[in-house]
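The sequence lines fix the lettering, A, B, ..., with proteins before strands; numbering per chain opens at 1.
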Protein chains: 2
Amino acid sequence: MDAYREYIEAQAKIFKALGHPTRLLMVDALRTGEKCVCELQTIAGADMSTVSKHLSILREAGVVSSEKRGTNIYYSISLCCLDSFLACSSAMLQSRILQQYSMIQSNQKD
Amino acid sequence: MDAYREYIEAQAKIFKALGHPTRLLMVDALRTGEKCVCELQTIAGADMSTVSKHLSILREAGVVSSEKRGTNIYYSISLCCLDSFLACSSAMLQSRILQQYSMIQSNQKD
DNA sequence: TCTTTATTTGGCAAATAAGCCAAATAAAGA
DNA sequence: TCTTTATTTGGCTTATTTGCCAAATAAAGA
């Protein structure tokens, strides 16, 4: 049962890494292809050191990987199922909004 | 662009809810079917109030939903794609372990 | 109505995470 | 070699989260 605990913790680490707006924003941007830290800084709109720390959290969780090329370090997505993750959670959010909307409708509150 | 920010934040909230060992453990247990809070307490091995607070985080993120029946409140999974989430992240963890293992092998460190 | 049982809430202390500045590193170019 | 540029690390403060206790709630049963 201890192996199970470790496994749960590793899995939680992945979700936790994705569970921060700035990190998710950067990961979402990486879906169109790799980007260097400076590009990600512009996208995130945060201090370079903050961005760097967020990226290392994502890297340690296995969500992204980095490669140095020339002067820059390029980050890209390494969690293969990320697209389906995001598609799924996005569908869920959308259906929730529709549900709320229909509740408002049936209550005639608008 | 502000709607996008909101959207990212809502999505991050889902991941954040799953990003805690105790919460993920409970969610994983719920995959076999609904459970009352007291059952989840036994599984989590934490104080009842702690469990209750974790459950409300999961509920607010839309991961689980609750229904009162008789004396108890039963929680069940409402995030439809949870199974594929977990299957995917688990496959990813497994491949990472295999990768590390083959690295150890090729370095003859064991 | 009074208890009991199941669950949530309030409040607080301890642990953890975030974000910024300054300093370190590392590699490329002059 | 000395600068410059890109990125990471250390350190510190502030904000957030966690987890427990005690108290509140709510509904069922005696």
For residues 18-38 of chain A, which residues have at least one heavy atom under 4.0 Å from DNA chain C? A:H20, A:R23
Stretch residues 39-63 of chain B: residues that reach within less than 4.0 Å of DNA chain C through a heavy atom: B:M48, B:S49, B:S52, B:K53
Residues in side-chain hydrogen bond (donor to acceptor under 3.5 Å, both in side chains) contact with [X], at least two apart in sequence or another chain:
X: A:K16; answer: none
X: B:R59; answer: B:Y75
X: B:E9; answer: B:R5

Should B:Y75 be listed as having a side-chain N or O under 4.0 Å from OP1 or OP2 of C:dT8? yes
Reading 5' to 3' and counting Watson-Crick or G-U wobble pairs with both distances under 3.5 Å, write the dot-bracket notation for DNA chain D, | for bases paired outside the strand. ||||||||||||||||||||||||||||||
Would you mind building the protein contact string for nucleotides 23-30 of chain D? One character per nucleotide, 5' to 3', B for base within reach (heavy atoms under 4.0 Å), S for sugar-phosphate only, - for untouched. ----S---
Residue pairs involving residues 19-65 of chain A (criterion ring pair (Phe, Tyr, Trp, His ring centres under 6.0 Å); sequence neighbours excluded): A:H20-A:H54
Which pairs with one or both residues in residues 76-89 of chain A pass side-chain hydrogen bond (donor to acceptor under 3.5 Å, both in side chains), sequence neighbours excluded? A:R31-A:D83, A:S89-B:Q11
Does anything in residues 36-48 of chain A form a side-chain hydrogen bond (donor to acceptor under 3.5 Å, both in side chains)? List the pairs, not counting sequence neighbours. A:D47-A:S49
With sequence neighbours excluded, tell me which residues meet disulfide bond (SG atoms under 2.5 Å apart) with B:C88. A:C81
The side chain to side chain contact (heavy atoms under 4.5 Å, CB included) partners of B:A10 (sequence neighbours excluded) come to A:L93
